[in-house]
Amino acid sequence: MIGLLDSNNFYVSCERVFNPKLERQPVVVLSNGDGCVVARSNEAKALGIPMGVPVFQIKHLLRHEKVKVFSSNYALYGDLSARITNVVRQDIADVEVYSIDEQFLDFSTTRHPQSADQLGVNIRKKVKQCTGVPTSLGIAKTKTLAKVANHIAKKSLVHEGVYVLDREQIIEEFLSLTPVADLWGIGRRYAKKLSSFGIHTALDLYDCKEAFVKKHMTIVGLRLWYELHGVSCLPLEMVSKPKKNICTSRTFGKAQMNLSAIKEAVANHASSCAEKLRGEGSVANYIQVFLATSRHRPGEQYSNSFTWTLPVASSDSRELVHYASQALDRIFRKGYQYSKCGVIVSGLVPRDARQLGLFSDGNSSGYHDISQPIRSGQSGQVQRDSLQEDVRLMEVVDMINHRYGRGKIQLGASMTTVETRGWQMQQNRLSPRYTTCFSEIPIAKCS
DNA sequence: TCTGGGGTCCTAGGACCC
DNA sequence: TCTGGGGTCCTAGGACCC
């Protein structure tokens, strides 16, 4: 049996762990840049606040109902998420971390001789006790059915947040009550398409012919269909696969017209991509920079991107910042109010499997001037030595930043100057990083 | 005035190879 | 006049997830 453990209103629950006054209050957490609502307490949902709504559209409601509003605090949420995983792993050996608030549990990999139901109740209690975060647990034969079971566990008040969906008759009964659009893997497009065939509930899809599903929903839909019938097609992935792309992008705090400010933002995003690459042990072959005005504003819009192929795959901050900056020069047009930019690195390969250039000297920081022809090569010994120097330099930078705080050492190109600060993200309602920063540890007052 | 930020997989079609 | 059969790689677009 497979369990899906899902944290209830996760971001809101994290805020409540260290701020119990928020219990029984309407609470929402906003997206990066404080733009949209991305998490709501049950009280906030009851007020009719929809998921994803822009804050400015519900400003009056928020004020009138005294809704508590927070910027997203990923340092806190990421840390609590990792703690939940640690607690779960004490009882279940095979756990797939699926997202920041969800994990799949392989119930066959436990030492405890209890029923899935009883073990599930215990795990859920333990997570609440050790982390303070309330969860729901659905258990079934496949991931897709575990998702359905989780939904039941979350809605039902009688099952203590745990539901085992195992008997065929009950499965069919619940599928008949589930809109097909609520299934994992059915998005807006497929929901519409299926509706045109008269398929509205999950049971309607379950009752379809295999060939019909294959024809209209490809192999992806067919897997979903099998999973509904209790045949597991989506195995648990215990070790996360290396990433194929890495992206860092942000909406500017205020619209930007100034190239030097945008350049600073791009340098920051490129540095961040380089750090993420090194964290993965990967190097990138391509780097893309994109820049765009706001889709939501009337009038002429502009967006563009430019991609470099690197001479030798790299994760060196200096090199990626250099190319990103040159890419920005190629797409920047004067006179537009830009709202967003970003950097994407792709063509990722493991660092030690990188292909050196035929004529490059192997020194990944010694990028050639793009306007100049590539220099001819040097001896193999020099290649290896200079390469190791670079790797070590970046390792030291990462080590210092890990120890003394993010951004303690950075490239001059990504330093913020007073005039260009406007690109930085709005985060006006950030709670403290209670669990990851010594100066922000909560203080208990006893009297 | 103000609208997030990440990712993955699959398919079809074009270009090319022998 | 008659014109095969087997591949690979790449990209764009479409779908989905949190």
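Since the structure is predicted, the reported quantities are computational estimates derived from the model, not experimental observations. Order of the sequence lines fixes the chain letters, A, B, ..., with proteins taken first and strands second; residue numbering starts at 1 for each chain.
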From [options], nucleotide with atom closest to [X] side chain:
X: A:C247; options: C:dC17, B:dG4, B:dG6; result: B:dG6
X: A:R250; options: B:dT3, B:dT11, B:dG5; result: B:dG5
X: A:H296; options: B:dG4, B:dC10, B:dG6; result: B:dG4
X: A:K147; options: C:dC17, B:dT1, B:dT8; result: C:dC17
X: A:F56; options: B:dG7, B:dT3, C:dC18; result: B:dT3
X: A:S249; options: C:dC18, B:dT11, B:dG6; result: B:dG6
X: A:R189; options: C:dC16, B:dG5, B:dT8; result: C:dC16
X: A:I246; options: C:dC18, B:dG7, B:dG5; result: B:dG7
X: A:Q57; options: B:dG5, B:dT3, B:dC10; result: B:dT3
X: A:Y190; options: B:dC10, C:dA15, C:dC18; result: C:dA15

(request) On the 0 to 90° scale, with breaks at 30° and 60°, tag the A:F18-A:Y434 ring pair as parallel, tilted or perpendicular. (result)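 Geometry flag for A:Y434 against A:F18: parallel rings.
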Select base, sugar-phosphate, or nothing to describe what [X] touches, counting heavy atoms under 4.0 Å on all strands.
X: A:G33; result: nothing
X: A:L183; result: sugar-phosphate
X: A:D34; result: nothing
X: A:K276; result: sugar-phosphate

Atom [atom1] of [X] to atom [atom2] of [N]: distance rounded to whole Å?
X: A:W184; N: B:dC9; atom1: CH2; atom2: P; value: 12 Å
X: A:K243; N: B:dT8; atom1: NZ; atom2: P; value: 7 Å
X: A:E237; N: C:dC17; atom1: CD; atom2: P; value: 16 Å
X: A:I219; N: C:dA15; atom1: CD1; atom2: P; value: 18 Å
X: A:R223; N: C:dA15; atom1: CZ; atom2: P; value: 17 Å
X: A:L62; N: B:dC2; atom1: CG; atom2: P; value: 18 Å
X: A:L194; N: C:dA15; atom1: CG; atom2: P; value: 12 Å
X: A:M425; N: B:dG6; atom1: CE; atom2: C1'; value: 13 Å

(message) The criterion is side chain to side chain contact (heavy atoms under 4.5 Å, CB included); which residues satisfy it with A:R124, sequence neighbours excluded?
(response) A:T135, A:V162
(request) Say whether, by atom type as modelled, one donor and one acceptor occur between the side chain of A:E319 and the main chain of A:S317 under 3.5 angstrom. (result) no
(message) Tell me whether A:D329 is salt-bridged to A:K263, with the criterion being a basic N under 4.0 Å from an acidic carboxylate O.
(response)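 A salt bridge is present here (some side-chain N lies under 4.0 Å from a carboxylate O).
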(message) Can you tell whether the side chains of A:E43 and A:K68 come within less than 4.0 Å, N to carboxylate O?
(response) no
(message) When both hydrogen-bonding distances must be under 3.5 Å and the geometry is Watson-Crick or G-U wobble, what is B:dG13 paired with, if anything?
(response) C:dC10
(message) I want to check one thing: is the phosphate of B:dC2, taken as OP1 and OP2, less than 4.0 Å away from some side-chain N or O of A:R297?
(response)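 Checking B:dC2 against A:R297, a side-chain N or O does come within under 4.0 Å of OP1 or OP2.
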(message) With a 4.0 Å cutoff (strictly under), does any side-chain N or O of A:K214 reach OP1 or OP2 of B:dC10?
(response) no
(request) Work out which heavy atom in A:V95 is nearest to a heavy atom in A:M238; give both atom names and the distance. (result) O-CG, 3.8 Å
